[in-house]
Amino acid sequence: MSLPTAIQPDDATHVCYRGKRLIYFGGCDYYRLAHHPKLLKAHAQAAARDGLGTGASRMTTGNHPAHDELEASLVKFFDCETATVIGDGYLANIALGQAANGRFDAVFIDEKAHMSLRDAAQFLGCPVMRYSHCNADDLARRLSRRREAKRVLLMTDGVFGATGRIAPVGDLAKRLPRLATLWIDDAHGAGVLGDRLRGTAEHCGFSGRRVIQSITFSKAFGSFGGAILGPRWMRGSLLNGNHVVTGSSSLPVGLARATQASFQLLRKRPTLAKQLRRNTVFVKDKLRAAGLPVDNSLFPVISLECPAKKAAMALRRRLLANGIYPSCIRYPADTEEDCFRFALSSEHSREQLMHLVETLSAK
Ligand SMILES: Cc1ncc(COP(=O)(O)O)c(C=O)c1O
């Protein structure tokens, strides 16, 4: 397998691909904040003052005030007990898996959970059972076979990135024993779902102190890095010899400052989230009216399965001929299916969205 052709971003909604300027619906930068002047300025100023990297882990000499301030902002934004910044979202899951070693008797994980969550589960030191994708009944069946387990953990993506499917967190939680813990990898949901953009649990009306959220800054927040949001025991364990926290350099200060700017921006400019939702409803309604199999969720991803190679090639050619980047992905890499995945952003114009609709619904 080789890498796909490299893509050169041109502006917030275009890329240059094989010598052509194309409209871009790829990636997960749902507000296109990666190019926002406020984030770029915060990053450049911090890099000029503090350098590119911290050169050490936070447990030695790499703890910077920017990390503490970012964590304070995270606690406020997500209304969680503690927040711990980690190098990126994948590492955040691994760190949490290590930190939670020995805390649970049985773990139940969605069969399509992100690979970082599945890797993390291997550190937990107890049996791990897969349940059918987003299926609360199957979860209940599997739970009933493990009645002896007192300390239960459920692991799921909040939103499954490839399809945009939102996990039925409320339904899943109802099937769990009262003292179970829910670990949501909210890489995609955080910053997008919920009235206060707190993610999938807020969107599903679910709250509680037994929820742990792992997030990335590289999607809705337009930056890079990750964090774990949750109860005190978790932070205590992360700061007490955790291998990821102790053995890897801390987040570059420029990225911490840029991420902080991103949280401020999302809090102060609710129009961004409103525009993203308007764009999502606009495109999904139109595609459904044209007969395409598109869900009606508020998540800004359209995913079209492409079982036959010939049909996939034809759609790819049609997209290219219409000046749209053909975002065909196989993700996670261990699945057999390709799909066309279109991520809408708050920054796409009505004309661009309509052009996508017309291109996809053309016979
Ligand atoms: C569900 C999910 N979890 C974790 C990650 C990893 O995040 P990061 O890119 O910050 O390592 C991703 C990124 O693609 C993801 O989609």
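Read the numbers this way: they start at 1 and go in the same order the structure lists the ligands and their atoms. Everything quoted here is computed from the prediction, not taken from an experiment.
- Among the atoms of Asp157, none of the N or O lies under 3.5 angstrom from an N or O of ligand 1.
- Between Gly230 and Glu81, the closest heavy-atom pair is O-CB, 3.5 Å.
- Taking a 4.0 Å cut-off on heavy atoms, Gly161 fails to register as neighbouring ligand 1.
- The closest approach between a heavy atom of Ser116 and any atom of ligand 1 is below 4.0 Å.
- Per-residue contacts place Thr216 under 4.0 angstrom from the following atoms of ligand 1 (heavy atoms of the residue considered): 7 (O), 8 (P), 10 (O).
- Below 4.0 Å from some heavy atom of Asp88 lie the following atoms of ligand 1, by number and element: 10 (O), 11 (O).
- Between atom NZ of residue Lys286 and atom CD of residue Glu358 there is a gap of 10.0 Å, rounded to the nearest 0.5 Å.
- Of the inter-residue distances, the one linking Phe77 atom CZ with Gln264 atom CD reads 11.5 Å to the nearest 0.5 angstrom.
- For the pair Asp185 and ligand 1, the shortest N or O to N or O distance falls below 3.5 Å.
- When every heavy atom of Leu197 is checked against every heavy atom of Glu202, the shortest pair comes out as N-OE1, 3.4 Å.
- The aromatic rings of Phe221 and Phe217 stand perpendicular to each other, their planes meeting at an angle above 60°, with 30° marking the opposite boundary.
- In the vicinity of Ser218, heavy-atom distances shorter than 4.0 Å reach the ligand 1 atoms 9 (O), 10 (O).
- The shortest N/O to N/O separation between Val159 and ligand 1 does not fall below 3.5 Å.
- Checked against the 6.0 Å centroid criterion, the rings of His203 and Phe299 do not qualify as a close aromatic pair.
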